[in-house]
Amino acid sequence: MSYLDSLFSLEGKTAVVIGGTGELCGAMAEGLAGAGASIVLVGRNPDKATARLNKIHHAHHGRAWFESCDVQSKAALTDLLDRVVTKTGGADILINGAGVNSPTPFLEITEEEYDRIVQTNMKAVFLACQVFGRYFIETGRAASVINIGSMAAMKPLSRVFTYSATKAAVHNLSGNLAREWAVKNVRVNTLVPGFFPAEQNRKVLTPERVGQIMGHTPMKRFGEAAELVGATLLLASDAGKFITGVELVVDGGFNCMAI
């Protein structure tokens, strides 16, 4: 095994990727599979999982399968964990990447829309961290939790009010858990994508908004999903075993742009 392989290898590890049927977390799951991890794609729609599983099996000959789960339910998440442990003998990596968005103007946001976004983006992350975090700690497993944050949590971006609030909560939760669990050898980090076209944000990417984004992104382009893989492997593997509590930004320079 080469030096780089030993540094980033995930052989023998199992990664549970909540939101893995989506574009960004699906690409991250492929990267984890390429490093040797067994992959559990978690979502509600098996049809969306099929194409991603085929890619993983074809490109990496890896062990990967789909698990349906209502991630807004603690009982359902507990059942998910039980199924994973039964099938693989354990879990080592948790990615929390389920997310929804809406461009509704602030004064027009309904309680129903607010609750839908909060429950998907924040409650699901909170509960998954509880369920898997307890398992990691009680079994003494060295583990990595990667919560998917957002540039909207770091800067007040327009037209995504509820989404921004939920992602700010995810950033804060990640830091708190990193502090609490560091001595338990459970690392918690936030991976922060810049602007990557994906299902949850295409509805807000009007031509005017695209122009604003490009004007604020030094690289003058959107990110590609595969460009999240390097950061994912760093946070998931022993290469990053002294990294916890960070907000790792992958954004083409958006966050460093002022005027």
In this structure, CG of Leu157 is separated from CZ of Arg159 (nearest 0.5 Å) by 12.0 Å
Note to self: Does any part of the side chain of Val210, heavy atoms only, come nearer than 4.5 Å to the side chain of Pro207, both counted from C-beta?
What the structure shows: no
Do the side chain of His171 and the main chain of Gly149 share a donor and acceptor less than 3.5 angstrom apart? no
Determine, for Arg44 against Glu67, whether the closest basic-nitrogen to carboxylate-oxygen distance falls under 4.0 angstrom.
no
*For Ser102 and Glu113, test the side chains for any donor-to-acceptor distance below 3.5 angstrom and give the result as yes or no.*
yes
Point to revise | Single-linkage hydrophobic cluster, 4.5 Å side-chain cutoff, Val145 and Ile93 together | key: no
### Message
Please evaluate residues Leu77 and Leu81 with respect to the criterion side chain to side chain contact (heavy atoms under 4.5 Å, CB included), reporting the C-alpha separation (whole Å), side-chain torsions for both, the decisive distance (0.1 Å), and the verdict.
### Response
CA-CA 6 Å; Leu77 285 163; Leu81 174 60; over 6 Å; no
Handout entry: Backbone of Ala91 reached by a side-chain donor or acceptor of Arg141 within 3.5 Å
Key = yes
Problem set entry | Trace of the salt bridge (Lys or Arg N to Asp or Glu O under 4.0 Å) decision for Lys184 with Glu138 | CA-CA 9 Å; Lys184 304 294 186 181; Glu138 289 183 349; over 6 Å; no
From the list Thr86, Asp92, Val85, Val84, side-chain contact (heavy atoms from CB on, under 4.5 Å) partner of Thr88 resolves to Val84
Whether the Ser158 and Arg209 side chains hold a donor-acceptor pair (N or O, under 3.5 Å, no angle test) is what I'd like checked. yes
Check your understanding: For Leu32 and Leu233, what are the C-alpha separation, side-chain angles and deciding distance, and is it a side chain to side chain contact (heavy atoms under 4.5 Å, CB included)?
Key -> CA-CA 7 Å; Leu32 294 170; Leu233 294 181; 4.0 Å; yes
Is there a donor-acceptor pair under 3.5 Å between the side chain of Ser6 and the backbone N or O of Tyr3?
yes
For Cys25 and Gly97, the nearest pair of non-hydrogen atoms, with its separation, is SG-CA, 3.6 Å
Minimal heavy-atom distance between Ala169 and Met122, with the atoms involved, is CB-SD, 3.1 Å
Taken to the nearest 0.5 Å, the spacing of Leu127 CG from Gln119 CD works out to 9.0 Å
- Would you say Ile146 and Asn96 make side-chain contact, with heavy atoms under 4.5 Å? no
> Are Phe106 and Ile117 connected, step by step, through hydrophobic side chains (Ile, Leu, Val, Met, Phe, Trp, Tyr) whose heavy atoms are closer than 4.5 Å?
Replying inline: no
Between the OG1 atom in Thr162 and the CG atom in Asp115, the distance rounded to the nearest 0.5 Å is 9.5 Å
Tightest non-hydrogen contact, residues Phe132 and Leu80, listed as CZ-CD2, 4.2 Å
Verdict with supporting geometry, Phe196 and Val250, side chain to side chain contact (heavy atoms under 4.5 Å, CB included):
CA-CA 10 Å; Phe196 290 72; Val250 184; 4.2 Å; yes
Heavy-atom donor-acceptor pair, Asp251 side chain to Phe254 backbone, under 3.5 Å
yes
Rounding to 0.5 Å, atoms CG (Asn121) and OG (Ser164) come to a distance of 10.0 Å
Check: His60/Glu30 side-chain N/O donor and acceptor closer than 3.5 Å: no
For Arg134, I'd like to know if atom CZ has over 12 heavy atoms of other residues, nucleotides or ligands within 6.0 Å.
no
In the structure I gave you, are the side-chain heavy atoms of Met257 and Lys155 within less than 4.5 Å of one another anywhere? no
| query | Would you say the side chains of Thr21 and Asn45 form a donor-acceptor pair under 3.5 Å? | reply | no
Rounded to the nearest 0.5 Å, the CG atom of Asn101 sits from the OH atom of Tyr163 at a distance of 6.0 Å
- [ ] Would you check if Val246 and Thr190 make a side-chain contact, meaning some heavy-atom pair closer than 4.5 Å?
- [x] no
Centroid separation under 6.0 Å, is that true for the rings of Phe195 and Phe222?
no
Taking the side chain as everything from C-beta on, heavy atoms only, tell me whether Arg187 gets closer than 4.5 Å to Phe242.
no
ask   = Taking the side chain from Thr217 and the backbone from Lys220, do they hold a donor-acceptor pair closer than 3.5 Å?
value = no
| task | Show your reasoning for whether side chain to side chain contact (heavy atoms under 4.5 Å, CB included) applies to Asn189 and Ile243. | result | CA-CA 8 Å; Asn189 292 292; Ile243 300 174; 3.8 Å; yes
For this session: Indicate, with yes or no, if Ile213 and Val192 share a hydrophobic cluster defined by side-chain heavy-atom contacts under 4.5 Å among Ile, Leu, Val, Met, Phe, Trp and Tyr.
Result: yes
Note: Ser38 and Trp65 closest approach over all heavy atoms is CB-CZ3, 4.5 Å
Shortest non-hydrogen pair, Gly252 vs Pro218, comes out as O-CD, 3.4 Å
Partner of Val17 under side-chain contact (heavy atoms from CB on, under 4.5 Å), picked from Ile95, Val40, Leu94, is Ile95
Is there a donor-acceptor contact under 3.5 Å from the side chain of Lys167 to the main chain of Ile148?
-> yes
So NE2 of His216 and CG of Asn255: to nearest 0.5 Å the spacing works out to 8.0 Å
Notebook entry, point to check: With hydrophobic residues grouped by side-chain heavy-atom distances under 4.5 Å, do Val42 and Val170 end up in a single group?
Noted result: yes
Hydrophobic cluster identity match, Val229 and Leu7, side-chain contacts under 4.5 Å: yes
Of all heavy-atom pairs linking Ser144 and Leu235, the shortest is OG-O, 2.8 Å
Could you check whether any side-chain N or O of Thr244 sits under 3.5 Å from a backbone N or O of Val188, counting only pairs where one atom can act as donor and the other as acceptor?
yes
